[in-house]
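Here's the structure, in structure tokens; my notes come after.
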Amino acid sequence: MRTQAQGGRPRPAHRFVPVVQLLAMLSAPAALAQGAPQGAQLFTQRCASCHSVGEGDRVGPDLHGVLERRDEAWVTRFIQSPGSLIDAGDPVANELLKKFNGIRMPDQSLNDTERASLYAFFRDCAAKGKGACKPSPAAKMGTDATQEEVARGRRLFEGSEPLTHGGPACIGCHDVRGIGVAGGGTLGPNLTFAFARKGERGLTPLLAKLDTPLMAPLYAKAPLTEEEQYAVKAYLADASRDGGKPRQDRDFFYLGIVGLAVALGFIGLVWGPRGKDPHHP
Ligand code: HEC
Ligand code: HEC
């Protein structure tokens, strides 16, 4: 525990530190509030295609404990522009370049807030030990999905592939343009543009919890797995990107009833074992 720093003891005299801290506080107040979770998400989105934290080298080196084995200022300079360090003849950067087959890491422009959260994430992982920081699959950007992930999201949404923990298929209450034969239910809002409306940041936590008043009772005990959250997000991202106009929100009474039946079925009335027939989710 590092509690001494708050004990009011004078810090070691270093003329620049307070000024730098003050500047940092003025220019990026959010940096103080940002933490490891934001850093983890940033890492998944911007770095995980080439790096792991604690799972071994990939295109680039394993970054587990990188702030322990290297000087922080060096890491900051490296991330900003690996190429300039390499070209300037920095020995460590050149050694890494050789070790990683001459592949140059692209420059990563991070603002102070992003860098602070990323470093909080690295330090948190180093403190927890190797293997503690597998990036959450749900944190990956919905727009980075493969066609298979989008297709799986659609199957989960319409119930042709059952959800691992037995939650009801979304189509019982939600329509998405182009889904199913009769379209989806209307108890919940049309989700064709949910990804565009809520964005990556709004949708990711919502899919993790599905805790709106009507959905909470259904999914509190049957949450989507992280892979399922991701697949559904990818499907919704794909749907909202898909150009054309959505069809009018359907307002068929019976589809509302289907949704309600789904809800009631899961809230209390006992439902029989889930059928495998994709046409009766
Ligand atoms: C396209 C692949 C790629 C991406 C994306 C990438 N890196 Fe790298 N990174 C590399 C490679 C390759 C190296 C090895 C050095 C070299 O060859 O340039 C490296 C090296 C590093 C190092 C030095 C590691 C050490 O052991 O000293 C750090 C730190 C680093 N990367 C951080 C990041 C961060 C943070 C991000 C995301 C914001 C990121 N990288 C994104 C490929 C990548
Ligand atoms: C029993 C009906 C029902 C089921 C099943 C259901 N939802 Fe919902 N959903 C709703 C309702 C109703 C709302 C509006 C908020 C509320 O009243 O709870 C909603 C809201 C949402 C929203 C927010 C939409 C917005 O723009 O604000 C998202 C996203 C969502 N649901 C996704 C899903 C996903 C993904 C599934 C399947 C895993 C699902 N829902 C299953 C009824 C349902």
Side-chain angles (χ1 to χ4, degrees), residues 39 42-51 53 57-72 74-83 85-86 90 92-110 114-115 118-119 121-122 153 156-159 163 165 167-174 176 184-199 202-219 222-224 228-229 231-233 235-236 240 255-256 258-267 281:
L42 186 80
F43 181 83
T44 312
Q45 293 168 0
R46 309 259 307 260
C47 322
S49 48
C50 299
H51 293 284
V53 178
D57 293 347
R58 297 203 171 139
V59 178
D62 187 340
L63 295 181
H64 184 78
V66 69
L67 291 172
E68 281 68 32
R69 70 172 177 263
R70 310 255 188 248
D71 180 49
E72 178 172 326
W74 182 89
V75 173
T76 302
R77 281 204 295 150
F78 184 89
I79 294 171
Q80 263 160 8
S81 181
L85 272 185
I86 292 166
D90 180 275
V92 176
N94 277 287
E95 198 183 302
L96 284 169
L97 180 68
K98 206 187 291 166
K99 185 169 168 203
F100 290 90
N101 309 315
I103 297 169
R104 285 190 180 214
M105 169 170 146
D107 292 1
Q108 306 288 320
S109 68
L110 300 174
E114 290 170 333
R115 188 172 327 105
L118 196 59
Y119 288 3
F121 168 65
F122 287 154
L156 293 166
F157 195 95
E158 50 183 29
L163 293 164
H165 296 136
C170 321
I171 197 175
C173 300
H174 292 287
V176 168
T186 54
L187 192 64
N190 183 305
L191 297 182
T192 307
F193 292 107
F195 185 85
R197 264 200 313 273
K198 302 212 152 295
L203 200 56
T204 305
L206 200 142
L207 292 174
K209 295 220 172 75
L210 293 174
D211 58 356
T212 72
L214 227 133
M215 295 193 294
L218 307 181
Y219 295 103
L224 309 193
E228 288 168 348
Q229 291 163 32
V232 170
K233 179 169 74 175
Y235 165 59
L236 292 176
S240 78
L255 286 172
V258 168
L260 198 61
V262 169
L264 290 175
F266 271 81
I267 290 170

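Read the numbers this way: they start at 1 and go in the same order the structure lists the ligands and their atoms. Just so it is clear, the values below take in all heavy atoms, side chains as well, and ignore hydrogens, waters and symmetry mates.
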Exercise. Under 4.0 Å from ligand 2, counting heavy atoms only, is it the side chain of Leu236, its backbone, both or neither?
Worked result: neither
Seminar exercise, completed: Closest to atom 4 (C) of ligand 2 by heavy-atom distance, out of Gly172, Ala222, Cys173, is Cys173
Seminar exercise, completed: Closest to atom 31 (N) of ligand 2 (heavy atoms only, candidates Glu158, His174, Lys233) is His174
Exercise. So which heavy atom in the protein is nearest atom 27 (O) of ligand 1, and how far is it from that ligand atom?
Worked result: Arg70 NE, 2.5 Å
For this session: Using a 4.5 Å cut-off on heavy atoms from C-beta on, say whether the side chain of Leu210 contacts that of Leu218.
Result: no
For this session: Evaluate side chain to side chain contact (heavy atoms under 4.5 Å, CB included) for Tyr219 paired with Leu163, printing each intermediate quantity in order.
Result: CA-CA 11 Å; Tyr219 295 103; Leu163 293 164; 4.3 Å; yes
Exercise. Does Leu118 approach ligand 1 within less than 4.0 angstrom via side chain, backbone, both or neither, non-hydrogen atoms only?
Worked result: side chain
Exercise. Looking only at distance, does Arg46 have an N or O less than 3.5 Å from an N or O of ligand 1?
Worked result: no
Exercise. Does ligand 1 have an atom that lies less than 4.0 angstrom from a heavy atom of Arg69?
Worked result: yes
Exercise. So, do Leu110 and Leu42 sit near enough that their side-chain heavy atoms are less than 4.5 Å apart?
Worked result: yes
Seminar exercise, completed: Honestly, for Pro106 the part within reach of ligand 1 (heavy atoms, under 4.0 Å) is side chain
For this session: Report yes if some heavy atom in the side chain of Leu96 is under 4.5 Å from a heavy atom in the side chain of Pro61; otherwise report no.
Result: yes
For this session: Quick one: do Phe100 and Met105 satisfy side chain to side chain contact (heavy atoms under 4.5 Å, CB included)? Show the steps, please.
Result: CA-CA 10 Å; Phe100 290 90; Met105 169 170 146; over 6 Å; no
Exercise. Looking at side-chain heavy atoms only, is the closest gap between Phe121 and Val53 below 4.5 Å?
Worked result: yes
Exercise. If you measure from each non-hydrogen atom of Trp74 to ligand 1, which part falls under 4.0 Å: side chain, backbone, both or neither?
Worked result: side chain
Problem set entry | Thr212 N/O/S atom closer than 2.8 Å to atom 8 (Fe) of ligand 2 | no
Exercise. Which of the atoms of ligand 1 are close to Ile103, meaning less than 4.0 Å from one of its heavy atoms?
Worked result: 12 (C), 16 (C), 17 (O), 18 (O)
For this session: Walk me through it: do Gln108 and Glu114 pass the test side chain to side chain contact (heavy atoms under 4.5 Å, CB included)?
Result: CA-CA 11 Å; Gln108 306 288 320; Glu114 290 170 333; over 6 Å; no
Seminar exercise, completed: For Leu85 and Ala93, the nearest pair of non-hydrogen atoms, with its separation, is CB-CB, 4.0 Å
Exercise. In Å, rounded to the nearest 0.5 Å, how long is the span from CG of Leu63 to CZ of Arg58?
Worked result: 10.5 Å
Exercise. For atom 26 (O) of ligand 2, which candidate among Gln229, Glu228, Arg197 provides the closest heavy atom?
Worked result: Arg197
Exercise. Hey, what do you get for CG (Leu156) to CD (Gln229), rounding to the nearest 0.5 Å?
Worked result: 11.5 Å
Exercise. Is ligand 1 under 4.0 Å from a heavy atom in the side chain of Phe43, in the backbone, in both, or in neither?
Worked result: neither
For this session: Considering the heavy atoms of Gly188, write down every atom of ligand 2 situated less than 4.0 Å from one of them.
Result: 10 (C), 11 (C), 12 (C)
For this session: Select the closest option to atom 12 (C) of ligand 2 among Leu224, Leu203, Leu187, Ile171, judged by heavy-atom distance.
Result: Leu187
Exercise. Do Asn94 and Lys98 have side-chain heavy atoms sitting under 4.5 Å apart?
Worked result: no
Problem set entry | Spacing of Leu207 atom CG and Cys170 atom SG [to the nearest 0.5 Å] | 8.5 Å
Exercise. Side chain or backbone of Ala216 under 4.0 Å from ligand 2, or both, or neither, by non-hydrogen atoms?
Worked result: neither
Exercise. Are Arg115 and Val75 side-chain neighbours, meaning at least one heavy-atom pair lies under 4.5 Å?
Worked result: no
Exercise. Quick one: salt bridge (Lys or Arg N to Asp or Glu O under 4.0 Å) partners of Arg46, sequence neighbours excluded?
Worked result: none
Exercise. Quick one: nearest non-hydrogen protein atom to atom 20 (C) of ligand 1, plus distance?
Worked result: Phe78 CE2, 3.3 Å
Seminar exercise, completed: If we number the atoms of ligand 1 from 1 as shown, the ones under 4.0 Å from a heavy atom of Arg104 are 18 (O)
For this session: Go through ligand 1 atom by atom and flag the ones less than 4.0 Å from a non-hydrogen atom of Val59.
Result: 12 (C)
Exercise. So, Cys170 and atom 8 (Fe) of ligand 2: N/O/S under 2.8 Å, yes or no?
Worked result: no
Exercise. Which of the atoms in ligand 2, numbered in the order shown and given with their element, are less than 4.0 Å from a heavy-atom of Leu207?
Worked result: 35 (C)
Seminar exercise, completed: So the atoms of ligand 2 within less than 4.0 Å of a heavy atom of Leu218 turn out to be 1 (C), 5 (C)
Exercise. Which of the atoms of ligand 2 are close to Ala169, meaning less than 4.0 Å from one of its heavy atoms?
Worked result: 5 (C)
Problem set entry | Side chain, backbone, both or neither: the part of Val232 lying under 4.0 Å from ligand 2 by heavy atom | side chain
Problem set entry | Which segment of Leu156 sits under 4.0 Å of ligand 2 when only heavy atoms are counted | neither
For this session: Would you mind counting protein N, O or S atoms that sit less than 2.8 Å from atom 8 (Fe) of ligand 1?
Result: 2
For this session: Could you pull out all residues at least two apart from Phe122 that satisfy ring pair (Phe, Tyr, Trp, His ring centres under 6.0 Å)?
Result: none
Exercise. Taking atom CG of Leu97 and atom CG of Asp90, what is their separation to the nearest 0.5 Å?
Worked result: 11.0 Å
Exercise. Partners of Phe78 by ring pair (Phe, Tyr, Trp, His ring centres under 6.0 Å), sequence neighbours excluded?
Worked result: Trp74
Exercise. Looking at side-chain heavy atoms only, is the closest gap between Asp107 and Pro82 below 4.5 Å?
Worked result: yes
Problem set entry | Contact check, Pro213 vs ligand 2, heavy-atom distance below 4.0 Å | yes
Exercise. Taking the side chain as C-beta and beyond, is there a heavy-atom pair between Pro189 and His174 under 4.5 Å?
Worked result: yes
